[in-house]
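Comments concern the structure below.
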Amino acid sequence: MAPTLYDEKPEIGDLIEIFRGSYQHWAVYIGDGFVVHMAPPSEVPDAGSSSMMSVLAEKALVKKEELWDVVGTDQWKINNSLDKKYEPRPARVIVREAWALVGRELPYCLFRGNCEHFVNELRYGKAESRQVRKAGEAVMVAGVAAVVGLGAVALVAALFGGSRKENKDTQ
């Protein structure tokens, strides 16, 4: 069950991580139950996996909406985990800059300018996405595993493939 404002009360400037199944959507809390977030055109609550099509969008709209309208029925949490790495900017600066962006259409790029980059830029002044970094690391690990696997196959083929040919030639 998703937390309510009675369970978790975000403070102004807190980052809200919303679990959409195969990815997370991010927003920044600006007070009075509202968040600001960057949403590609198909980003809607309860969209589920169909919302993944939003990653193909080239533009996104900065919206101010009620937290519950953005969260829908999805799980969410306050996630300021980059506070260990960066100093958060003052809450008034975060809110002022968030308000200044509401209604603007911004370029959207899954790898360089997604909703997580957007909120981290507001909170820390650093556009960073751990979600993208983790995905990149997973691809790198899979790539290394594939290369190692192919290398092992090639080694086995070199060691044992030739002996079969030699056996055929001697028979």
Side-chain angles (χ1 to χ4, degrees), residues 1-95 97-99 101-142:
M1 178 153 170
T4 68
L5 283 177
Y6 299 110
D7 301 325
E8 282 193 71
K9 178 74 172 147
E11 294 181 17
I12 294 173
D14 278 345
L15 301 186
I16 307 296
E17 181 179 16
I18 305 159
F19 300 92
R20 295 275 199 247
S22 57
Y23 74 102
Q24 289 80 41
H25 183 62
W26 290 80
V28 62
Y29 188 75
I30 60 166
D32 296 325
F34 286 91
V35 295
V36 170
H37 64 121
M38 185 169 86
S42 66
E43 178 61 50
V44 293
D46 299 319
S49 60
S50 67
S51 186
M52 283 301 292
M53 292 305 293
S54 67
V55 301
L56 301 175
E58 293 180 5
K59 299 278 184 186
L61 185 63
V62 178
K63 298 179 181 180
K64 173 195 160 259
E65 296 182 280
E66 287 196 39
L67 174 62
W68 301 118
D69 290 339
V70 178
V71 169
T73 59
D74 293 324
Q75 295 286 320
W76 67 278
K77 71 176 184 176
I78 297 167
N79 186 346
N80 299 322
S81 61
L82 288 180
D83 284 6
K84 298 171 192 151
K85 185 174 180 180
Y86 304 118
E87 173 135 6
R89 298 160 76 201
R92 63 180 160 60
V93 172
I94 296 168
V95 171
E97 290 191 12
W99 268 107
L101 293 168
V102 170
R104 290 197 43 201
E105 192 174 75
L106 300 177
Y108 180 86
C109 174
L110 179 62
F111 303 107
R112 292 183 312 278
N114 66 35
C115 57
E116 186 179 5
H117 290 103
F118 174 76
V119 298
N120 281 323
E121 177 77 29
L122 286 170
R123 184 168 174 87
Y124 306 107
K126 308 277 185 193
E128 185 172 316
S129 175
R130 289 169 301 144
Q131 187 171 205
V132 168
R133 190 177 73 236
K134 285 179 190 172
E137 289 168 359
V139 167
M140 290 296 293
V141 167

Checklist entry - Between Y124 and K85, does a side-chain contact (heavy atoms from CB on, under 4.5 Å) hold up when you go through it step by step? => result CA-CA 9 Å; Y124 306 107; K85 185 174 180 180; over 6 Å; no

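- Taking the six-membered ring where tryptophan is involved, the planes of W76 and W68 are perpendicular, since the angle between them exceeds 60° and thus also 30°.
- No side-chain donor-acceptor contact under 3.5 Å links N79 to the backbone of L15.
- Summarising the geometry, atom CG belonging to D69 is positioned 10.5 Å from atom NZ belonging to K64; distances are rounded to the nearest 0.5 Å.
- Counting only heavy atoms from C-beta outward, the side chains of P88 and N80 never approach each other to under 4.5 Å.
- Minimum interatomic distance between G103 and L61 (heavy atoms only, all atoms of both residues): O-CD1, 3.5 Å.
- A distance of 10.0 Å separates CG in L101 from CE in M38, rounded to the nearest 0.5 Å.
- Although no hydrogens or angles enter the test, the distance criterion places no donor-acceptor pair under 3.5 Å between the side chain of D14 and the main chain of Y29.
- In this structure, the side chains of E116 and Q24 stay at 4.5 Å or more apart for every pair of heavy atoms.
- Considering CG of D32 and CG of L67, their distance stands at 12.5 Å, rounded to 0.5 Å.
- Checked by atom type and distance alone, the side chain of R20 never pairs as donor or acceptor with a backbone atom of D74 at under 3.5 Å.
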Item to check | Derivation of the side-chain contact (heavy atoms from CB on, under 4.5 Å) call for I18 and W26 | outcome: CA-CA 6 Å; I18 305 159; W26 290 80; over 6 Å; no

Checklist entry - Does the side-chain contact (heavy atoms from CB on, under 4.5 Å) test come out yes or no for F118 and L106, once each step is laid out? => result CA-CA 10 Å; F118 174 76; L106 300 177; 4.0 Å; yes

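- Looking at heavy atoms from C-beta onward, V36 lies in side-chain contact with V102 at the 4.5 angstrom threshold.
- Separating the NE2 atom in H25 from the SG atom in C115 is a distance of 5.0 Å, to the nearest 0.5 Å.
- To the nearest 0.5 angstrom, H37 atom NE2 is 12.0 Å from I16 atom CD1.
- Contact of the E17 side chain with the S81 side chain is not registered, since no non-hydrogen atoms from C-beta on lie closer than 4.5 Å.
- Side-chain atoms of R89 come within 3.5 Å of backbone N or O of E121 as a donor-acceptor pair.
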Item to check | Steps toward side-chain contact (heavy atoms from CB on, under 4.5 Å) verdict (F34, V95) | outcome: CA-CA 11 Å; F34 286 91; V95 171; over 6 Å; no

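- In this structure, I78 and P10 approach most closely via the heavy-atom pair CD1-CA, 3.5 Å.
- In terms of modelled atom types and a separation under 3.5 Å, the side chain of E105 and the main chain of K59 share no donor-acceptor contact.
- Proximity of R123 to V28: side-chain heavy atoms (C-beta onward) are nowhere separated by under 4.5 Å.
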